[in-house]
Enquirer: 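Structure provided below as structure tokens; questions to follow.
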2 protein chains.
Amino acid sequence: MNGRIPRYLQIAETLRERIRGGALARGARLDSQRALAREFGVTLMTLRQALELLEKDGLIACRHGLGTFVASPSIDYDILHLRTFAGDLSAKGEAVETRFLRSDFRPPDRRVAQGLRLRTGEAVFVLDRLRLVNRHPMSYQRSFLPAGIGREVAKADLAITPLRNVLRFKLGIEVTRARETVFAVTLRSLEARELGCRPGTPAFRSERISWAADGAPIVFDRVFIPGDRFRITRELQYEGARP
Amino acid sequence: MNGRIPRYLQIAETLRERIRGGALARGARLDSQRALAREFGVTLMTLRQALELLEKDGLIACRHGLGTFVASPSIDYDILHLRTFAGDLSAKGEAVETRFLRSDFRPPDRRVAQGLRLRTGEAVFVLDRLRLVNRHPMSYQRSFLPAGIGREVAKADLAITPLRNVLRFKLGIEVTRARETVFAVTLRSLEARELGCRPGTPAFRSERISWAADGAPIVFDRVFIPGDRFRITRELQYEGARP
DNA sequence: ATCCTCCACTGTTCTAGAACTCTGCTGCCC
DNA sequence: GGGCAGCAGAGTTCTAGAACAGTGGAGGAT
């Protein structure tokens with residue numbers, strides 16, 4: 001029956017804001033623990049409780065004798081969870097934003113044509129988007145849709161409406177199955193430019209095909225995510241002998 | 001240059017022993033934090049540091065106003081994809097071969113030291129192996145083990161005995177839990193040479209920590225897999241209403 | 001120039017309390 | 001009997017220090 005928030009949680013939140021807001025750049029060193037304790041008017045123990053929280057979240061890294069540093073943001077993606085990428089991120093309290101770049105009708109490459117089961121010569125609707133987490137580019141996503149669906153989708157304002165919602169509410173299409181394949185690649189100049197990194201940067205390339213209930217392929221997504229901003233995590237449990 | 005072990009680590013180890021040894025049954029309530037602090041002759045703060053460790057390992061659960069309880073080991077049987085990412089490809093009917101490269105005792109880097117919960121200065125047993133599929137190098141694997149375990153493991157003929165079997169049958173250690181994290185990287189010259197590709201080749205780097213039933217870290221595996229030889233695939237099923 | 005020792009600064013561990021909240025029970029009051 | 005106030009005992013948060021331990025640089029010795 002009490003709205004009281006522990007001091008160390010408040011401090012953690014304040015520091016989190018500073019990092020998120022850019023007041024503390026990645027790799028920067030925070031003030032010493034003693035200085036921060038003075039600034040917040042708490043003891044070392046209390047401040048350290050706050051830091052431990054941030055460290056557990058991977059936002060900072062403490063190094064004995066050196067200082068406390070802002071970790072380069074790397075987002076964990078639990079591959080066993082079925083949530084969409086954006087959903088996973090927003091669940092972690094990050095500010096996720098999708099920026100519409102451009103759309104077009106174009107002939108697909110062979111992988112896309114095969115994935116969407118198109119006849120040769122059939123054009124597809126191409127949709128380029130950029131996902132930002134905490135205002136930093138996180139992934140460059142190019143989606144391909146069959147021309148028939150694409151023509152309907154193109155009428156919607158994709159700058160504000162999520163593609164999934166357009167499919168579900170305007171077209172009544174429900175995605176029920178998907179297959180995702182992840183490759184390790186290096187970025188080429190086009191993707192690197194959009195993501196603000198150098199060509200040759202290591203990255204994940206994810207390709208996902210989504211099917212409707214009737215088995216018709218709906219979307220082919222191709223996503224590029226720089227390796228320094230992302231990682232895939234799995235927790236494994238082995239059954240068997242136990243104490 | 002110091003074998004000193006913090007008091008809270010010693011206490012955590014003692015409690016771990018009690019749980020492992022059956023002195024504390026699952027679901028049993030531990031003595032109150034104040035009583036335990038008295039018993040070990042430390043302050044509440046120090047004792048709580050020990051409890052936090054055990055809680056993070058999932059061995060105990062603290063409940064405000066009620067007490068501290070030995071966690072009942074909850075096994076997730078619904079996670080059925082237990083095959084490790086970098087692990088056995090043999091199930092796919094490929095001719096898999098493991099080539100022993102070298103082993104050594106060496107000081108670990110920071111990531112390894114942290115993952116294995118080592119004190120600085122403590123050396124680890126390093127084991128380098130190459131996995132070949134159809135006689136082609138597939139992954140370069142470097143495993144790190146705590147020195148105590150490593151000394152026993154080093155006595156085995158690792159060129160012919162799988163590490164997992166050495167742990168299980170010679171040391172009686174059963175891995176019950178693991179966490180795997182996958183990064184996108186480019187290969188550096190050492191790994192590239194072993195794998196027979198050019199430096200700068202895009203690759204997956206997988207890091208896995210494996211824990212025994214009592215929560216002790218056993219192995220830190222670091223695996224490099226060139227991107228042109230491997231990819232991760234997963235099937236997703238969406239059922240009914242989803243977020 | 002090179003090595004080494006020392007030192008300042010950093011994070012880390014710990015003491016000895018005090019006051020707080022949360023939970024379940026007990027006993028009073030109706 | 002039913003409800004509710006209070007209480008005891010549990011975990012939680014916090015103070016104000018002190019001492020320990022790892023790092024890297026400054027300055028002296030060689």
Side-chain angles (χ1 to χ4, degrees), chain A residues 1-15 19 24 27-71, chain B residues 1-15 24 27-71 107-114 116-124:
Chain A
M1 226 48 53
N2 199 330
R4 184 179 158 282
I5 296 172
R7 199 80 183 82
Y8 75 97
L9 284 179
Q10 297 175 29
I11 294 172
E13 196 47 47
T14 302
L15 292 174
I19 293 171
L24 290 167
R29 199 180 77 179
L30 278 67
D31 289 337
S32 81
Q33 296 185 351
R34 284 170 180 81
L36 286 173
R38 256 199 317 278
E39 177 192 335
F40 288 109
V42 296
T43 51
L44 211 47
M45 293 241 57
T46 305
L47 182 95
R48 280 176 57 75
Q49 273 190 287
L51 293 186
E52 268 165 34
L53 272 188
L54 298 183
E55 187 165 25
K56 211 157 52 184
D57 285 353
L59 260 76
I60 61 170
C62 301
R63 295 182 54 186
H64 198 161
L66 285 182
T68 305
F69 301 84
V70 178
Chain B
M1 202 57 88
N2 201 332
R4 184 179 159 282
I5 296 172
R7 200 80 183 79
Y8 75 97
L9 284 179
Q10 297 176 30
I11 294 171
E13 197 46 47
T14 301
L15 292 174
L24 291 166
R29 199 180 79 179
L30 277 68
D31 290 335
S32 81
Q33 297 186 351
R34 283 171 181 80
L36 286 172
R38 254 199 320 278
E39 179 193 334
F40 288 109
V42 296
T43 52
L44 211 46
M45 296 242 54
T46 304
L47 181 94
R48 281 176 56 73
Q49 273 189 286
L51 293 186
E52 268 165 34
L53 271 188
L54 297 183
E55 187 166 25
K56 209 157 55 184
D57 285 352
L59 261 76
I60 63 170
C62 301
R63 295 180 54 187
H64 198 160
L66 286 181
T68 305
F69 301 84
V70 178
D109 64 32
R110 211 168 44 253
R111 293 182 65 87
V112 173
Q114 196 170 343
L116 292 178
R117 293 206 297 257
L118 300 176
R119 302 188 50 73
T120 49
E122 222 172 327
V124 292

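Side chains are part of it too, since the values below use all heavy atoms of this structure and drop only hydrogens, waters and symmetry mates. Per chain, numbering begins at 1; letters A, B, ... match sequence-line order.
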Enquirer: What is the distance from CG of B/L47 to C1' of D/dA10, rounded to the nearest Å?
Expert: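 Answer to the nearest Å: 13 Å.
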Enquirer: Please give, in whole Å, the distance from D/dG9 C1' to B/L30 CG?
Expert: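 To the nearest whole Å, that distance equals 16 Å.
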Enquirer: Please determine, for the side chain of B/Q33, which listed nucleotide (D/dG11, D/dC14, C/dT12) has the closest atom?
Expert: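 In terms of side-chain proximity for B/Q33, the closest of D/dG11, D/dC14, C/dT12 is D/dG11.
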Enquirer: Name the closest nucleotide to the A/L66 side chain, picking from D/dT12, D/dT23, C/dT13.
Expert: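 Among the listed nucleotides, the one closest to the side chain of A/L66 is D/dT23.
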Enquirer: Are B/T46 and C/dT13 close enough that a side-chain N or O sits under 4.0 Å from OP1 or OP2?
Expert: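 So the side-chain polar atoms of B/T46 never come under 4.0 Å of the phosphate oxygens OP1 or OP2 of C/dT13.
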Enquirer: C/dT13 C1' sits how many Å from A/E52 CD, rounded?
Expert: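 So the CD-C1' distance, A/E52 to C/dT13, works out to 11 Å.
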Enquirer: Just N and O in the side chain of A/T68: are any of them under 4.0 Å from OP1 or OP2 of C/dG11?
Expert: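 A/T68 to C/dG11 OP1/OP2: side-chain N or O found under 4.0 Å.
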Enquirer: Nearest of C/dT12, C/dT15, D/dA16 to any side-chain atom of A/R48?
Expert: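 The answer is C/dT12.
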Enquirer: Measure the shortest side-chain to side-chain distance between B/P108 and B/L118 over non-hydrogen atoms and say whether it is less than 4.5 angstrom.
Expert: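 In contact.
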Enquirer: Using a 4.5 Å cut-off on heavy atoms from C-beta on, say whether the side chain of A/I60 contacts that of A/I19.
Expert: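 Yes - at least one pair of side-chain heavy atoms lies under 4.5 Å apart.
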Enquirer: CD1 of B/I5 versus C1' of C/dT12: gap in Å, rounded?
Expert: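 Rounded to the whole Å, the gap is 16 Å.
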Enquirer: Base, sugar-phosphate, or nothing: which does B/T43 touch, judged by heavy atoms less than 4.0 Å apart?
Expert: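 Here B/T43 touches the bases of the nucleic acid.
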Enquirer: So do the side chains of A/Q10 and A/E13 get within less than 4.5 Å of each other, counting heavy atoms only?
Expert: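 Not touching, per the 4.5 Å side-chain cut-off.
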Enquirer: Quick check for you: among D/dT15, D/dA10, D/dC14, whose closest atom lies nearest to any side-chain atom of A/P6?
Expert: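 Side chain of A/P6 sits closest to D/dC14.
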Enquirer: Using a 4.0 Å heavy-atom cut-off, does A/R63 contact any base of the nucleic acid, only the sugar-phosphate backbone, or nothing at all?
Expert: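 Sugar-phosphate, backbone atoms only, no base.
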Enquirer: Are A/I11 and A/L53 packed together at the side-chain level, in the sense that at least one heavy-atom pair is separated by less than 4.5 angstrom?
Expert: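 No, side chains not in contact.
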Enquirer: More 5' along DNA chain D: A/H64 or A/Q49, using each one's nearest nucleotide?
Expert: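 Per heavy-atom nearest nucleotide, the more 5' residue is A/Q49.
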